[in-house]
Each structure stands twice: as structure tokens, then as C-alpha cells.
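Before any comments, here is the structure.
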Amino acid sequence: MRFLTVYQRLFRAYGPQYWWPGETPFEVIVGAVLTQNTAWSNVEKALANLKAAEVLDAERIIALSPQRLAHWLTPSGYFNIKAQRLRNLCAWYLSQGAFQQLRRWHTKRLRKALLSVNGVGFETADDILLYAFKRPVFVIDAYTRRIFARLGLVDHTAPYEHLRQLFQETLTEGQGATSRQRQVALYNEYHALIVIHGKEICRQRPRCAQCCLRARCPARSEYF
DNA sequence: ACCCAGGGTCATA
DNA sequence: TATGACCATGGG
């Protein structure tokens, strides 16, 4: 199938990415919120602030005043909103017994609970599920929509869940990944490669009207 | 100076 | 269900 072909080409072009950049599951969770519509280079600055202040920890984040937390988050943008979202997520996380308890939950239950937290949407939840909890959930982001729409494989306006199911079904049937472990490994590497490739492609100028959706896009030669 | 980034919520129709 | 306003910094 095409979806695996694209993966193989990306892997050959860029090699393994060893995602997610973050040393602990909790750091992955924080990073997933901070990177909402934000360049990762800015997220790194905010994470460095939290580490330097020794508050990269759910209890300590809750203990901070919203203003003080927002101050450390300044470089990642949307700092007031993200301070509130981090707070919401940490409160939920602690109330459920943190990682040691949550890791025992079934994926479906965990996903629904994450999505119920104000400030956690589909992509943030799935980043957390895949990269912090190692669950077989395929992450759909803006790069995924652009790249695969331009390849003619998906409709970039399709709802998130529709695309996620398409990727998961396609990559699980047949060759892709039969065992759960292989699914997690494949989804992990695939999303990382899509992001790396997306950064590369979408930096090109001039951009086509809807970036990577037109046959005339100067980056088209990168594909097939 | 302008454009955008590894989104999500809320109000409105 | 589907748009649109809003959030905000730093790099190209």
C-alpha cells in the first residue's frame, strides 16, 4: 500500500528520529501542550526555564501561581493560556495517581480522559498517548494533512478521527505492523518523519496558495 | 515588516 | 457541523 511506501522513502531519506525529544514521560506531556501551534525551538526555551527553576514536576507546577508559571512559559507563546492548560492537565494527572497509575489504564479510557481535560485536543492527547504512554495511536497534525493531501491520498479537510482511523487501518492491515509493539514503533517513527519532512518542505518559497496542495508546488519533485 | 509554527476553545450560524 | 476570533513569542 502507498502509506507504507511513503514511510519507507521518508525513513531512507532521514533515518531514525528517536522521538519524542524529552527525557521523561512527564516532560513529553508538558512538551505536547507547549508545542501547540508553536515552533519547537521556542518550546525548548520554556522547558529549559522550567528545568532551571526546578519546577518540571506536576506537584510543583500546581503549586506555582498562574502568573509565575506563565512567566517561565513566556518564550513558547500563548503563555497565559498554556499556563492554565498545563495546570488543568497536571491537576487531572495527579488526581488519577500520576504515571504509575495511568500506565495501567486501557488506551481507550486514557484517551477519553485526556480529551476531557480543557486544553487537550486530539493531537495533544495522541502525542501523549503515543510518546509518553507508548500506545498504538497514530498522530495527525498539519504536516500530515498537507503532505498526504498533496500526494492525493487524503482529503485535507477530513475530520481528525477519520484520518487517524485511515492511517491506523492502512498500516495495520497486511504488512505494516501486526504486533502491538511494532505498531507503536511504526507510528512513533512515522509521525516523527512526517514532522521533519514537513519542516523541510514547508520552508520552501514561494509557497503555493494552500501549501503543498497544488500540482505546481515547487516542492512537488520531492514526491514520487 | 511580514509570515508562520509539531492546536484548542469558545461564540456564533 | 463548520467557520472565525483569539491566544503571543521568536526565527526566517
Side-chain angles (χ1 to χ4, degrees), chain A residues 7 10 14 16-22 25 27-50 66-92 111-132 137-150 154-164 167 187-213 217-219:
Chain A
Y7 171 76
L10 289 173
Y14 298 101
Q17 301 299 310
Y18 306 110
W19 265 29
W20 178 291
E27 185 175 343
V28 172
I29 290 170
V30 173
V33 171
L34 296 186
T35 198
Q36 290 172 356
N37 200 38
T38 301
W40 183 255
S41 57
N42 285 0
V43 176
E44 287 181 315
K45 295 176 177 33
L47 285 171
N49 284 348
L50 295 175
Q67 294 77 14
R68 192 141 185 88
L69 178 55
H71 177 255
W72 301 127
L73 301 185
T74 299
S76 74
Y78 304 137
F79 45 79
N80 288 316
I81 283 187
K82 284 176 178 174
Q84 186 59 58
R85 290 180 180 176
L86 259 190
R87 192 167 237 298
N88 295 341
L89 186 51
C90 287
W92 167 79
R111 188 167 194 263
K112 182 170 285 186
L114 282 166
L115 289 172
S116 75
V117 177
N118 188 295
V120 177
F122 289 124
E123 189 184 334
T124 304
D126 291 345
D127 278 337
I128 293 171
L129 287 166
L130 178 59
Y131 293 105
V137 176
F138 197 92
V139 179
I140 305 296
D141 68 345
Y143 288 137
T144 313
R145 290 175 183 276
R146 288 175 191 160
I147 293 169
F148 287 85
R150 196 155 67 79
V154 305
D155 168 12
H156 81 287
T157 64
Y160 185 98
E161 288 294 69
H162 178 83
L163 293 177
R164 185 172 71 89
F167 274 84
Y187 296 174
N188 178 320
E189 198 61 53
Y190 206 158
H191 177 62
L193 288 166
I194 286 169
V195 173
I196 296 303
H197 184 60
K199 288 180 178 175
E200 221 34 55
I201 287 304
C202 293
R203 190 175 306 142
Q204 298 196 16
R205 297 294 187 279
R207 303 176 72 141
C208 42
Q210 292 183 310
C211 186
C212 305
L213 297 179
C217 176

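This structure is a prediction, so every number in the text was calculated from the model and none was measured. The chains referred to below are lettered A, B, ... by the order of the sequence lines, with proteins before strands, and numbering in each begins at 1.
Rounded to whole Å, the distance from CG on A/L73 to P on C/dG10 is 12 Å. If you measure from atom CD of A/E123 to atom C1' of B/dG6, you get 6 Å, rounded to the nearest angstrom. Between the CG atom of A/N118 and the P atom of B/dT9 there is a distance of 6 Å, rounded to whole Å. For the pair A/I140 CD1 and B/dG7 C1', the computed distance is 14 Å after rounding to whole Å. One atom, OH of A/Y160, and another, C1' of B/dG6, lie 11 Å apart when rounded to the nearest Å. Nucleotide B/dG6 holds its P atom 16 Å from the CZ atom of A/F138, rounded to whole Å. Here the P atom of nucleotide C/dT9 and the CG atom of A/L47 are 18 Å apart, to the nearest Å.
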With side-chain hydrogen bond (donor to acceptor under 3.5 Å, both in side chains) as the test, would you mind laying out the steps for A/N80 and A/Q84 before giving the verdict? CA-CA 6 Å; A/N80 288 316; A/Q84 186 59 58; over 6 Å; no
For A/D127 and A/T124, run side-chain hydrogen bond (donor to acceptor under 3.5 Å, both in side chains): C-alpha distance rounded to whole Å, both residues' side-chain angles, the deciding distance at 0.1 Å, then the answer. CA-CA 5 Å; A/D127 278 337; A/T124 304; 5.5 Å; no
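With the nearest nucleotide of DNA chain C identified for both A/A39 and A/T157, A/T157 has the one nearer the 5' end.
The shortest non-hydrogen separation linking A/H156 to A/A149 is CB-CB, 3.6 Å. Residue A/F167 comes nearest to A/I140 through the heavy atom pair CD1-CD1, 3.7 Å, listed as atom of the first residue, atom of the second, then distance.
Set against B/dA5, B/dG6, C/dG11, the side chain of A/W19 has B/dG6 as its closest nucleotide. Checking C/dT9, B/dG6, C/dA8 against every side-chain atom of A/W20, the shortest atom distance belongs to B/dG6.
Salt bridge annotation for A/R145-A/E123: absent, with no cationic side-chain nitrogen under 4.0 angstrom from a carboxylate oxygen.
Here A/Y143 does not pack flat against the base of B/dG6, since the 5.5 angstrom centre distance and 30 degree tilt limits are not both met.
In this model, the phosphate group of B/dC4 is not approached by any side-chain N or O of A/R146 to a distance below 4.0 Å at OP1 or OP2. Side-chain nitrogen and oxygen atoms of A/T124 include at least one within less than 4.0 Å of the OP1 or OP2 phosphate oxygen of B/dG8.
Counting heavy atoms from C-beta outward, A/Y78 and A/Q36 have side chains that stay 4.5 Å or more apart.
If you check every strand for non-hydrogen atoms under 4.0 Å, A/V120 touches sugar and phosphate atoms only.
Residues from residues 76-92 of chain A with heavy atoms under 4.0 angstrom of DNA chain C, sorted by number: A/G77, A/Y78, A/F79, A/N80, A/I81.
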